[in-house]
Amino acid sequence: MEQILEAKEENERTAVPIDASGNRLELDSLMVEYRNLFDRSNKLDNKVYITITFCGFLFVFITGLFSGISKITSPDGGLKLVVTVFYIMTCIAVMISYAYLLVYFMRLLQPEQIVRMDPEIMERENLGELSDSEACERLIALYRGIINEDLIKLKRRCDEFTRGLRFVVPTVILAFLNYTFQLILQTIG
């Protein structure tokens with residue numbers, strides 16, 4: 001019985017005070033946000049991979065367009081000369097646009113230094129020597145700092161991805177414009 005009373009007294013000394021329950025809820029929500037942050041970062045990486053795969057299909061289409069360059073004959077006059085010049089210009093534009101697009105998205109796949117809440121950080125903070133409420137408050141501050149820093153990096157990467165997607169459309173339009181000039185050259189050639 002005496003051991004039970006001692007255990008109960010120990011529990012009461014180390015138990016989280018009622019007013020610290022808000023801290024516990026905040027810490028739990030920060031830990032969930034921390035996990036969600038990594039999930040969102042992984043999803044962004046997957047979207048970049050999908051975009052690069054799309055660029056691979058676009059590459060096959062573009063290389064088919066460039067096969068028409070070898071079939072160009074000496075332009076006789078007016079219309080054929082103009083179409084040939086536009087065809088060659090769009091070939092160059094598509095090539096530059098595609099190369100830029102590919103490099104842009106490959107750069108997004110570079111490893112991002114995301115801050116992690118690892119055991120070394122917790123060890124440096126000596127959380128085991130603090131009371132529950134102090135440790136909880138310190139963990140809240142650590143998680144909040146890490147999440148805020150990582151959210152800034154993730155937002156910047158998402159913005160870069162969105163900007164890159166906006167450049168995909170002009171590249172595709174240029175490719176189809178190039179295809180149109182290729183068809184015109186075949187019909188008037």
Hey, what do you get for [atom1] ([X]) to [atom2] ([Y]), rounding to the nearest 0.5 Å?
X      : Y      : atom1 : atom2 : result
Thr51  : Leu108 : OG1   : CG    : 9.0 Å
Asn148 : Tyr143 : CG    : OH    : 14.0 Å
Thr162 : Lys47  : OG1   : NZ    : 8.0 Å
Ile92  : Tyr87  : CD1   : OH    : 11.5 Å

Practice item. Could you give me the CA-CA distance, side-chain angles and deciding distance for Glu134 and Arg138, then say whether salt bridge (charged side-chain N to carboxylate O under 4.0 Å, His left out) is met? Key: CA-CA 6 Å; Glu134 289 172 331; Arg138 187 62 199 136; over 6 Å; no

Check your understanding: So with a 6.0 Å cut-off around CZ of Phe86, is the heavy-atom count from everything else above 12?
Key ->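 No, not enclosed.
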
**Study point:** Ring centre gap for Tyr34 and Phe38 strictly below 6.0 Å
**Key:**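 Centroid distance Tyr34-Phe38: below 6.0 Å, so yes.
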
Review point. Is the centre of the Phe105 ring less than 6.0 Å from the centre of the Tyr49 ring?
Key: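 Distance test on ring centres: not under 6.0 Å, no.
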
**Study point:** Pair Asp150 + Lys155, salt bridge at N-O below 4.0 Å
**Key:**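 Salt bridge: no.
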
Exercise for review: Indicate yes or no: does Lys153 engage Glu149 in a salt bridge with an N to O separation below 4.0 Å.
Suggested key: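 Judged by the 4.0 Å cut-off on N to carboxylate O distance, Lys153 and Glu149 do form a salt bridge.
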
Check your understanding: Applying the ring pair (Phe, Tyr, Trp, His ring centres under 6.0 Å) test to Phe167, which of Tyr100, Tyr98, Phe161, Tyr104 qualifies?
Key ->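 It is Tyr100, the one option of Tyr100, Tyr98, Phe161, Tyr104 that forms the ring pair (Phe, Tyr, Trp, His ring centres under 6.0 Å) with Phe167.
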
Practice item. Indicate the atoms forming the closest heavy-atom contact of Ser97 with Leu174, along with that distance. Key: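 It is CB-CD1, 4.2 Å.
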
